[in-house]
Protein chains: 2
Amino acid sequence: MEKKLSHSEENYLKEIFHLSGELHEKVSTNALAERLNAKASSITDMLKKLGEKKLVSYQKYKGCSLTQKGEQIAIYIIRKHRLWETFLVNKLNFGWDEVHDVAEQLEHIRSVKLINSIDELLNFPKYDPHGDPIPDKDGNINYMESKISLSETAVKSKVEVVSVDEDSMALLKYLDEIKISIGTILTIHNRISFDESMEVQIAGGNKMNISKKVADSIGVRFKSKI
Amino acid sequence: MEKKLSHSEENYLKEIFHLSGELHEKVSTNALAERLNAKASSITDMLKKLGEKKLVSYQKYKGCSLTQKGEQIAIYIIRKHRLWETFLVNKLNFGWDEVHDVAEQLEHIRSVKLINSIDELLNFPKYDPHGDPIPDKDGNINYMESKISLSETAVKSKVEVVSVDEDSMALLKYLDEIKISIGTILTIHNRISFDESMEVQIAGGNKMNISKKVADSIGVRFKSKI
DNA sequence: TTTTATTTTTAGACACGCCTAAAAATTAAA
DNA sequence: TTTAATTTTTAGGCGTGTCTAAAAATAAAA
């Protein structure tokens, strides 16, 4: 009864999940088009099909959202993606900027036994190399509640980097250069109102300037006031 | 310039390689159709396309064979297939009858770094779990010269099992049951001319009867006369 | 609230990889 | 060597997933 989905269908579900966020907001056709590098008309076609399959609920001109069944599948794809990334970094010494493209392929491999074995081999990791939570076998996701964006932190606070956006290789390479990684402790010294950039300091290092765009894509957890 | 091939195209190249054997014989349309579970007309279509891409040489009604470029790609796919099978068995404790289907998916993952890392992780294995040689990074294949089929062995000889055909799960399960695996030493006691079956004995075990079909799919190496 | 701009959907097309049915070429048999 | 059987190819069609261009619905601005 359970038909298997195409890579394309799986990607749609995954991206709808990402775009709808933790609040399960509706996702617009254009937003999806951009994320999937496709034209809006193609999105419409696919949403119709996924709608018929009861994987998304979709009404013309009103955007879409995942049904429970669709979300379940999306989470499973994300589980695979993040486990593979963890495998590549932890077992094969890939850099965190090298794993995304390969994981996008590996996430479509169909074998429950395989992915659960990888999970076990890695000792059931809770977070992937970018700090994103790895859904467990039953689809439960352990979001880090205290996590906020670096760009939202108050001046003079001290935070720990817990996640970074994974989809830009350029960002990851840049963070590597400036020595920011998961676990790095940052002190926020100043916020420049002109361009919303921030002056931060790595424990024991020099102060440096971080643009708004970069700060937006770094997730941190509060450590303490200075 | 190097366009990437579809999974389908890769599968065609791989099967042409297998069917043409070590002597690079021409492969017929029907033979391919059977291996690929497709109709002959579909094969013709694809052969035309692969011909245009200079991956196979193809003349109407005359069968096909791989060009150097096509063979190179085929060998690379086979390298990936066999390395993944070895990974599944050696690192994730899959049974040798469980790996084929997953490996058929994994062989299409595009990442040179990934497959070379897996190779290294496995310590550059020479043979996969079914005893087939794993092509190295440069495409060299180390065929075991002294290998023959069990069905060709002389009565009263003693042989070591070095390979088994991997594509039938039923065969692999059966061999598991009768305790034949790579490395098993067999003594050939008799050959029944009526059905061409053989009486063989595992070192320290009982004599048992092996059908022609099964013997055909076991590769052995001569050990010594009794 | 009417007009304008933006978003989304429809309509029609195309490459891919497969199919069936019928024709053509090759091979085997009489 | 002529006929029969088999193999292979052509012709035309179909579902998938994409596209462009044009129409329709919604949202924003005047």
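Remember, it's a predicted structure, so these values are computed and weren't measured experimentally.
Each of B/S41 and B/M46 was assigned the nucleotide of DNA chain C with the nearest heavy atom; the assignment lying further toward the 5' end belongs to B/M46. Both A/S6 and A/K62 lie near DNA chain D, and the one whose nearest nucleotide falls closer to the 5' end is A/S6.
Atom P of nucleotide D/dT16 and atom CG of A/L5 are separated by 12 Å, given to the nearest angstrom. Rounded to whole Å, atom C1' of D/dT6 lies 15 Å from atom CD of B/E34. A straight line from CG of A/D45 to P of C/dC14 spans 16 Å, rounded to a whole angstrom. In this structure, A/I43 atom CD1 and C/dT6 atom P are separated by 21 Å, rounded to whole Å. For the pair B/E10 CD and C/dC16 P, the interatomic distance rounds to 15 Å; values are reported in whole Å. One interatomic measurement links the two molecules: CG of B/L32 to P of D/dT8, which rounds to 10 Å at whole-angstrom precision. To the nearest angstrom, P of D/dT10 lies 11 Å from CG of B/L47. When rounded to the nearest whole Å, the span between NE2 of B/H7 and P of C/dC18 equals 13 Å.
Contact annotation: B/K39 side-chain N/O to D/dT8 OP1/OP2 distance is not under 4.0 Å. Between A/Y12 and D/dT16 there is no side-chain polar atom (N or O) within less than 4.0 angstrom of OP1 or OP2. A sub-4.0 Å separation between OP1 or OP2 of C/dT10 and a side-chain N or O of A/K60 is present. Between A/Y61 and C/dT10 there is no side-chain polar atom (N or O) within less than 4.0 angstrom of OP1 or OP2. Phosphate contact (OP1/OP2 of D/dT10, side-chain N/O of B/K48, threshold under 4.0 Å): present. Phosphate proximity of D/dT8 to B/N30: present, with a side-chain N or O under 4.0 Å from OP1 or OP2.
Residue B/T29 places no side-chain atom within donor-acceptor reach of the base of D/dT9, judged by atom type and a 3.5 Å distance cut-off alone. At a cut-off of 3.5 angstrom, the base of D/dT18 holds no donor-acceptor pair with the side chain of A/S8.
Screening A/R79, A/K14, A/R82 for a side-chain hydrogen bond (donor to acceptor under 3.5 Å, both in side chains) with A/E107, the sole residue that qualifies is A/K14.
Closest contact between the side chain of A/S42 and the listed nucleotides D/dT18, D/dT9, C/dC19 involves D/dT18. In the set D/dT9, C/dC19, D/dC19, the nucleotide with an atom closest to the side chain of B/Y58 is D/dT9.
Ion pairing between a basic and an acidic side chain is recognised when a charged N comes within 4.0 Å of a carboxylate O; B/D167 and B/R35 show such pairing. Under a 4.0 Å N-O distance rule, the pair B/R191/B/E196 does not qualify as a salt bridge.
Put simply, OG on B/S111 and CZ on A/F94 are 4.5 Å apart, with the number rounded to the nearest 0.5 Å.
Checked against the 6.0 Å centroid criterion, the rings of A/H100 and A/H130 do not qualify as a close aromatic pair.
Although no hydrogens or angles enter the test, the distance criterion places no donor-acceptor pair under 3.5 Å between the side chain of A/K69 and the main chain of A/K54.
Among the protein residues, B/A40 comes within range of the nucleic acid bases, having at least one heavy atom under 4.0 Å from a base atom.
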